[in-house]
Number of protein chains: 2
Amino acid sequence: MPTTPPRKPTERKRGSGVQFVYNVLRDEILSLKLAPGSPIDEVQLSQRLSTSRTPIREALVRLAGDGLVTTLPNRSTVVTNIDLLNLHAFFDAITLMYRVTTRLAAQNHRADDLPAIRARQAEFAQAVNGQDALGMIATNRDFHAAIAAAARNPYYESLFLRLLDEGRRMMRLYYSSFNDKLPQRYVVEHEEIIAAIEARDIDLSDRLARAHADQIVTQTRNMIAAERRVDISLEI
Amino acid sequence: MPTTPPRKPTERKRGSGVQFVYNVLRDEILSLKLAPGSPIDEVQLSQRLSTSRTPIREALVRLAGDGLVTTLPNRSTVVTNIDLLNLHAFFDAITLMYRVTTRLAAQNHRADDLPAIRARQAEFAQAVNGQDALGMIATNRDFHAAIAAAARNPYYESLFLRLLDEGRRMMRLYYSSFNDKLPQRYVVEHEEIIAAIEARDIDLSDRLARAHADQIVTQTRNMIAAERRVDISLEI
DNA sequence: TGCTCATTTTATGTCGACAAATAAAATACA
DNA sequence: TGTATTTTATTTGTCGACATAAAATGAGCA
């Protein structure tokens, strides 16, 4: 992948400018190519993406709505940094969303939802088999996003997507301490979840989702704790 | 209250323009002064609020992030209309948020949270005693928002606020069929909730919040059903 | 009269520029 | 040398204008 986004100097359809900027920035933020806390220079960005400041600003406002950037009045907007103080709130919320979306998917899914979910699961399994940790994070997100779509509740879905993105950033941040032994266990759990959804077993779906979420939360916690110990030992 | 917003032709501090426009539009949308589905003319708005189109657009983007307006590409942005198809999803989500925020408030509230909550409850009781239905809706929102703030989970809080606002619009929409006998019952339930939070009784808080939410959902459902019958009879 | 296509019109998306506010630098002073 | 104050510079917030896309209008024709 080239590090510079694909662009042709002044050829872009009307109306796609903002979307383009939004997508580029969003991707760079989630992939930590833009570090948390780093300031965003509007002029520099407008030059890099060869557009005026107006689409940049609009994209930034949207990203601020997503919580991905923070706008300081009259000062630079910065990439929202990951606060380790509210970790508990994050884990609590994402666990609940895992459960609720899976439950509702078992209840509300329609005929063509399952193929979509299975397709995401196939990509996930492929990433795990290929020992592609970053790919696993992304495909895991897509898998659960597909389930959330089948749950047919846009309120839960939007919060869940936001939390999954936040989790993706966190995972990337602490990726260095990943042991790289990607657990086949997650693949199995995903399969069980699919089966429960297909059987429309709401209670089982809930229990599986809860266990799955606890798994992920525990591993993430361990990752962060390990990294923190390294930080501390480096500080001293 | 004057129907035109307070403004002085060209005197406004730098940076407050967007916030001002955002607040005015938000209030007008939530109070149904701007009807759901009605288009928003940027030029007309810029003249009415005596500002340029740029702050208007930025405010509209923010409102779109809140789900209060919907932007149709290359076409007018319209006030998001209340879809009665997803009512089930709405009630499901708001009930869960009532429960979760109350639970967590019981668990996480600090010393100065309760006075704030009690202040909102006093306003609520006053609105109920004064048979001020619209005031009751607004103060009820603020009461539960205060509880959500004490719950110390920004993810739940933001979703809950969004749902409460959406509910406020729905209530206003069907206000005509309100019986105007404002139930003292809600005041009592609020008092019980406060007591449970203060006692840090998580299970009781959850049960009370659930019952309270069911009350509100049931009444709202009845209101809508009654109004719908009227609609149907008018159509025939 | 009714339908299709060209034209006009209206409103949005984007642009470059100016003004104000904050940060940075430079100067004055103790 | 260190601190306070003025000056400069950088960056954001706002503005008016132009370009373009979709809707509204009107002309042409069957």
Side-chain angles (χ1 to χ4, degrees), chain A residues 5-26 28-29 34-35 37-66 68-81, chain B residues 5-26 28-29 34-35 37-66 68-81:
Chain A
R7 61 187 162 92
K8 293 167 187 174
T10 41
E11 293 179 41
R12 203 173 298 131
K13 287 153 213 153
R14 170 193 172 87
S16 74
V18 177
Q19 193 66 26
F20 175 71
V21 176
Y22 176 82
N23 288 336
V24 169
L25 279 182
R26 182 187 150 80
E28 293 190 356
I29 291 173
L34 288 174
S38 65
I40 295 179
D41 188 334
E42 295 179 2
V43 176
Q44 181 182 329
L45 247 181
S46 67
Q47 289 169 356
R48 182 157 73 93
L49 303 183
S50 63
T51 177
S52 115
R53 267 181 58 221
T54 308
I56 304 280
R57 293 198 109 242
E58 183 168 333
L60 286 179
V61 172
R62 279 216 253 162
L63 289 167
D66 297 342
L68 292 179
V69 304
T70 305
T71 306
L72 311 175
N74 278 320
R75 212 119 33 100
S76 67
T77 65
V78 299
V79 179
T80 305
N81 36 12
Chain B
R7 60 186 162 91
K8 294 167 185 174
T10 42
E11 293 179 40
R12 203 174 298 131
K13 286 153 215 153
R14 171 195 173 85
S16 76
V18 177
Q19 192 67 26
F20 175 71
V21 176
Y22 176 82
N23 287 336
V24 169
L25 278 182
R26 182 187 150 81
E28 293 189 356
I29 291 173
L34 288 174
S38 64
I40 295 180
D41 187 333
E42 296 178 1
V43 177
Q44 183 181 328
L45 246 183
S46 68
Q47 289 169 355
R48 182 157 73 95
L49 302 183
S50 62
T51 177
S52 118
R53 266 181 58 221
T54 308
I56 304 279
R57 292 197 110 245
E58 183 169 333
L60 286 179
V61 173
R62 279 217 252 163
L63 289 167
D66 296 342
L68 292 179
V69 303
T70 306
T71 305
L72 312 176
N74 277 322
R75 213 121 33 100
S76 67
T77 64
V78 299
V79 179
T80 305
N81 36 11

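Quick caveat, the model's predicted, so the values are computed rather than measured.
- For A:Leu60 against A:Val69, the heavy-atom pair with the smallest separation is O-CG2, 3.5 Å.
- Residues A:Ser38 and A:Leu34 share a closest heavy-atom pair of OG-C, 4.1 Å.
- The CG-P distance, from A:Leu60 to D:dT11, rounds to 15 Å in whole Å.
- Contacts of A:Glu58 with the nucleic acid, taken as non-hydrogen atoms under 4.0 Å apart, are absent.
- With rounding to whole Å, B:Phe20 atom CZ is found 12 Å from D:dT14 atom P.
- Looking at which nucleotide of DNA chain C each of A:Pro55 and B:Val43 is closest to, the 5′-most match is held by B:Val43.
- If you measure from atom CD of B:Gln44 to atom C1' of C:dT10, you get 13 Å, rounded to the nearest angstrom.
- When rounded to the nearest whole Å, the span between CG of A:Leu45 and P of D:dT11 equals 13 Å.
- Not counting sequence neighbours, the partners of A:Glu42 by the salt bridge (Lys or Arg N to Asp or Glu O under 4.0 Å) test are A:Arg53, A:Arg57.
- Within the 4.0 angstrom heavy-atom criterion, only backbone atoms of the sugar-phosphate kind lie near A:Ile40; the bases stay farther away.
- Counting heavy atoms from C-beta outward, B:Ser76 and B:Val78 have side chains that approach closer than 4.5 Å.
- Going from atom CD1 of A:Ile56 over to atom C1' of D:dT11 covers 14 Å, rounded to whole Å.
- Partners of A:Arg26 by salt bridge (Lys or Arg N to Asp or Glu O under 4.0 Å), not counting sequence neighbours, listed by chain and number: A:Asp165.
- Residues that satisfy the side-chain hydrogen bond (donor to acceptor under 3.5 Å, both in side chains) test with B:Thr80, not counting sequence neighbours, are B:Thr70.
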Contact list (N/O, under 3.5 angstrom) for nucleotides 22-24 of chain D vs protein:
residue, atom, partner, partner atom, Å
D:dA23, OP1, B:Arg75, NE, 3.3
D:dA23, OP1, B:Arg75, NH1, 3.1

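- Summarising the geometry of A:Gly37 relative to A:Asn81, their closest heavy-atom pair is N-CB, 4.0 Å, with the distance given to 0.1 Å.
- With rounding to whole Å, B:Asp41 atom CG is found 14 Å from C:dT9 atom C1'.
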Do any N or O atoms of the protein come closer than 3.5 Å to N or O atoms of nucleotides 16-20 of chain C, and which pairs are they?
none

**Study point:** Step-by-step side-chain contact (heavy atoms from CB on, under 4.5 Å) determination, A:Arg48 to A:Leu45
**Key:** CA-CA 5 Å; A:Arg48 182 157 73 93; A:Leu45 247 181; 3.6 Å; yes

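- Residues that satisfy the side chain to side chain contact (heavy atoms under 4.5 Å, CB included) test with A:Pro73, not counting sequence neighbours, are absent from this structure.
- Between A:Leu49 atom CG and C:dT14 atom P the separation is 13 Å, expressed in whole Å.
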